[in-house]
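Input: a single structure, listed below in structure tokens.
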Amino acid sequence: MVRLMLIALFAGACWIQPAFAQSLTAEQQIAAAVSPLPDEYKEGAEVRVFADDGLETLRPGSNDMICLGDQPGDDRFHVACYHDSLEPFMERGRTLRAEGHDDDTVRQIREEEARSGQLNMPEQAAALYSLTGPPDSFDPEDMTVSGATPLHVVYMPYATTESTGLPSGAPRGQPWLMNPGMPWAHMMLVGPEASDGGSQ
């Protein structure tokens, strides 16, 4: 489940309405997209939304966080926000998948490019926050999310269990290190499964 959540792994007058028909207003789309973030980052995060030809910037950012809105037409609610130092890694994955590569090939290419220095990875810890739940998790009237499960990730390229003291696995709610030694090694912290009506 955790691995699937990861794979699905994103002012003012400058806002752009996406090309596809959208039932939510720009304000509602932004509220949904930034919902995984700590409050101090929400106002300044860049917000991108899915359009027919890829991602479009709905709101430029003024801090270091990038948020991707929920992808319309699927059977779940999923929004994610990440530190902009992860953008080369994220964008490369999107590009390779758009070219038709499967997940194993995407991982192989990104690993080769990261280890060779062709693909820039963060030089410091970099956070990712996401919420995943049923398609009706976002309430457009009060612009809140309920019934979605939070996932917190801290990327630490090439980190190992020895270098961090983190275990290679842990019960839900406790941190652990996923893909140790890899360019995309990261600490995982999956929140408790949200019950209906439980706010995140």
Side-chain angles (χ1 to χ4, degrees), residues 1-87 90-91 94 126-155 171-175 186-200:
M1 175 63 179
V2 169
R3 294 179 188 273
L4 291 175
M5 291 167 68
L6 281 178
I7 292 173
L9 284 157
F10 310 147
C14 294
W15 293 357
I16 302 172
Q17 187 68 14
F20 59 85
Q22 179 58 257
S23 60
L24 298 179
T25 67
E27 182 182 15
Q28 290 167 334
Q29 291 179 71
I30 290 168
V34 304
S35 60
L37 282 176
D39 288 344
E40 64 188 277
Y41 298 125
K42 289 182 177 179
E43 184 175 347
E46 178 179 335
V47 175
R48 301 176 185 175
V49 292
F50 290 90
D52 291 336
D53 56 352
L55 290 171
E56 293 184 358
T57 300
L58 183 60
R59 183 183 74 179
S62 59
N63 61 25
D64 298 319
M65 301 305 295
I66 298 171
C67 293
L68 305 185
D70 183 40
Q71 186 163 6
D74 60 16
D75 60 355
R76 66 174 185 166
F77 172 80
H78 177 74
V79 289
C81 302
Y82 53 85
H83 191 269
D84 63 5
S85 62
L86 287 164
E87 177 60 9
M90 298 298 184
E91 175 59 26
R94 290 191 291 265
L128 178 149
Y129 308 86
S130 74
L131 286 170
T132 304
D136 60 352
S137 296
F138 179 69
D139 184 338
E141 291 190 7
D142 58 17
M143 294 192 290
T144 59
V145 177
S146 63
T149 298
L151 172 67
H152 300 160
V153 175
V154 179
Y155 282 82
R172 180 182 287 269
Q174 297 182 20
H186 52 274
M187 184 193 75
M188 296 278 291
L189 182 59
V190 184
E193 292 190 43
S195 59
D196 291 342
S199 297
Q200 300 296 343

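Model, not experiment: these values are computed from the prediction. Keep in mind that the numbers below use all heavy atoms, side chains included, and drop hydrogens, waters and symmetry copies.
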Dump the intermediate steps for side-chain contact (heavy atoms from CB on, under 4.5 Å) on T132 and L151, then the final yes or no. CA-CA 8 Å; T132 304; L151 172 67; over 6 Å; no
Can you list the residues that meet the salt bridge (Lys or Arg N to Asp or Glu O under 4.0 Å) rule with D39, with sequence neighbours excluded? K42
Any donor-acceptor pair under 3.5 Å from D70 side chain to V79 backbone: no
Say you draw a straight line from CG of L86 to NE2 of H186; how long is it, rounded to the nearest 0.5 Å? 10.5 Å
Start with the C-alpha gap between L131 and H78, add the side-chain angles, then the distance that decides, and say whether side-chain contact (heavy atoms from CB on, under 4.5 Å) holds. CA-CA 6 Å; L131 286 170; H78 177 74; over 6 Å; no
Minimum heavy-atom separation for N63 to Y41, with atom names? ND2-O, 3.0 Å
Decide yes or no for V47 and V34: does some side-chain heavy atom of the first lie under 4.5 Å from some side-chain heavy atom of the second? yes
So, the side chain of R59 versus the backbone of I30: is there a donor-acceptor pair under 3.5 Å, distance only? no
Tell me every residue that passes side chain to side chain donor-acceptor pair (under 3.5 Å) with D136, counting only those two or more places apart in sequence or in another chain. none
Between the side chain of Q29 and the main-chain N/O of L24, is any donor-acceptor distance below 3.5 Å? yes
My understanding is that only residues two or more places apart in sequence, or in another chain, count here; which of them pass side-chain contact (heavy atoms from CB on, under 4.5 Å) with E43? none
When every non-hydrogen atom of M143 is compared with those of P140, the smallest separation belongs to CG-O, 3.5 Å
In the structure I gave you, are the side-chain heavy atoms of C67 and L37 within less than 4.5 Å of one another anywhere? yes
Across all chains, not counting sequence neighbours, the salt bridge (Lys or Arg N to Asp or Glu O under 4.0 Å) partners of E91 are R94
Under 3.5 Å donor-acceptor, E56 side chain and V49 backbone: no
Work out which heavy atom in A126 is nearest to a heavy atom in S85; give both atom names and the distance. CB-OG, 3.5 Å
Shortest non-hydrogen pair, P60 vs T57, comes out as N-CG2, 3.8 Å
Output yes when a side-chain donor or acceptor of Q174 lies under 3.5 Å from a complementary backbone atom of P171, and no otherwise. no
Do E46 and M65 come within less than 4.5 Å of each other through their side chains, counting heavy atoms only? no
I would like to know whether M188 and V154 meet side-chain contact (heavy atoms from CB on, under 4.5 Å); could you show each step before the answer? CA-CA 7 Å; M188 296 278 291; V154 179; over 6 Å; no
Is the backbone N or O of I66 less than 3.5 Å from a side-chain atom of R48, with the two atoms forming a donor-acceptor pair by type? no
Using the side-chain contact (heavy atoms from CB on, under 4.5 Å) criterion, which residues pair with A32? Sequence neighbours excluded. F77, F138
Under the 3.5 angstrom rule, does the side chain of T25 hit a backbone N or O of Q28 as a donor-acceptor pair? yes
ring-ring contact (aromatic ring centres under 6.0 Å, His included) against Y129, all qualifying residues, sequence neighbours excluded: H152
Using a 4.5 Å cut-off on heavy atoms from C-beta on, say whether the side chain of V153 contacts that of M187. no
Tightest non-hydrogen contact, residues G133 and S137, listed as C-OG, 3.5 Å
